[in-house]
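First the structure, in the form of structure tokens, and then the observations on it.
Computed from a prediction, not measured in an experiment: that's the story for all the values here. Protein chains get the first letters and strands the later ones, always in sequence-line order, with residue 1 at the start of each.
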There are 2 protein chains.
Amino acid sequence: MKDITHLEHGQCLGMIRPVTDALDVLSGKWKLPIIISLTFGSKRFSEMAREIPKITDRMLSKELRDLEMNGLVQRVVHDSIPVVVEYSMTEYAHTLDNVIQTLREWGINHRKRYTEADKV
Amino acid sequence: MKDITHLEHGQCLGMIRPVTDALDVLSGKWKLPIIISLTFGSKRFSEMAREIPKITDRMLSKELRDLEMNGLVQRVVHDSIPVVVEYSMTEYAHTLDNVIQTLREWGINHRKRYTEADKV
DNA sequence: TTTCATACTATAGTTTATGATAGCACTATA
DNA sequence: TATAGTGCTATCATAAACTATAGTATGAAA
């Protein structure tokens with residue numbers, strides 16, 4: 001016996017899961033800012049700490065580890081003195097380019113919408 | 001005196017802000033699941049509560065209010081007995097279609113990547 | 001009169017995310 | 001010997017997000 005409600009429900013779950021999978025990797029206050037800052041080239045820890053407003057060492061360290069585990073960030077230690085650690089986006093991270101681009105466009109639009117609404 | 005570091009920094013901030021603007025609207029455990037469930041048609045409160053796994057009444061209520069304030073969800077009260085409240089996506093919410101689509105594609109890919117990695 | 005369905009809301013508590021502050025190990029330079 | 005720069009980590013505190021449980025109001029039906 002076919003029950004459209006259940007079919008639709010399954011379909012709905014099938015859409016939700018990948019989206020939440022994606023958000024799990026990207027969520028939180030800092031992950032996308034970190035990735036975006038690396039789209040402009042590889043950086044050292046202290047450079048990023050300076051460049052990303054208000055981030056603490058603790059969060060930067062933690063999130064970089066997360067991103068590394070998800071294959072989005074590469075960490076290279078140069079045994080210079082003092083030791084320099086270079087972070088960069090992986091090739092895989094560039095599969096996020098579309099995601100970031102659409103989010104960015106939507107964000108710009110949304111802000112415009114509400115700024116214009118204020119004027120009315 | 002031109003300082004490339006500062007230019008790049010500004011550029012970087014200019015990318016970050018719209019993305020975080022977007023994520024502010026969409027973040028949290030429930031907002032996208034709610035929107036996605038409404039892409040399959042308008043729903044009543046209790047229908048959504050049943051359809052979205054594990055959501056509590058409190059969160060559903062709260063998030064629907066948030067989404068309504070952001071112009072993404074429309075709420076219509078039918079004065080039948082008992083009272084029925086119908087929720088639906090606004091036209092504006094459909095500007096999220098691309099965002100959801102790219103997130104979804106990325107999520108599917110990411111899961112595939114890690115499932116395949118397990119096999120190796 | 002009790003129960004059921006509608007759509008919520010209130011209160012309290014737990015869990016997770018983030019912040020503030022400090023300190024470590026290394027070595028060069030003053 | 002003291003200080004400074006590198007890249008962190010540890011501890012504790014706070015804030016934000018979420019959960020659990022119960023209760024509200026309406027009116028119909030049993």
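Of the candidate nucleotides C:dC8, C:dA28, D:dT19, D:dT19 has the atom lying nearest to any side-chain atom of B:K29.
Considering B:I35, B:I52, B:L64 as possible partners of B:W30, the one that fulfils the side-chain contact (heavy atoms from CB on, under 4.5 Å) test is B:I52. Among the candidates B:T90, B:L67, B:D66, the single residue satisfying the side-chain contact (heavy atoms from CB on, under 4.5 Å) test with B:V73 is B:L67.
Spacing between atom CD1 of A:I52 and atom P of C:dG19 amounts to 12 Å, rounded to whole angstrom units. Spacing between atom CZ of B:F45 and atom P of C:dA5 amounts to 16 Å, rounded to whole angstrom units. At whole-Å resolution of the value, CZ in B:R44 and P in C:dT6 are 6 Å apart. Distance, B:I34 CD1 to C:dC8 P: 12 Å, rounded to whole Å. Protein atom CZ of B:R50 is 14 Å distant from nucleotide atom P of C:dC8, rounded to whole Å. Computed from coordinates, the A:H78 NE2 to C:dT27 P distance equals 18 Å when rounded to whole Å. Computed from coordinates, the B:E86 CD to C:dC8 C1' distance equals 17 Å when rounded to whole Å.
Using a 4.5 Å cut-off on side-chain heavy atoms (C-beta onward), A:F45 and A:S61 make contact. Using a 4.5 Å cut-off on side-chain heavy atoms (C-beta onward), A:M48 and A:L60 make contact. By the 4.5 Å heavy-atom criterion applied to side chains, B:L72 and B:V25 are counted as neighbours.
A cation-pi geometry, defined here as NZ or CZ lying under 6.0 Å from the six-membered ring centre and within 45° of its normal, holds between B:R113 and A:Y92.
Applying the 4.0 Å criterion to OP1 and OP2 of D:dT9, one finds that A:R65 has a side-chain N or O inside that range. Phosphate contact (OP1/OP2 of C:dC8, side-chain N/O of B:R75, threshold under 4.0 Å): present.
Within residues 54-63 of chain B, the residues approached by DNA chain D to less than 4.0 Å at the level of any non-hydrogen atom are B:R58, B:M59, in residue-number order.
Salt bridge annotation for A:R50-A:E47: absent, with no cationic side-chain nitrogen under 4.0 angstrom from a carboxylate oxygen.
Comparing A:K31 and A:P82 along DNA chain C, the residue whose closest nucleotide (by nearest heavy atom) sits nearer the 5' end is A:K31.
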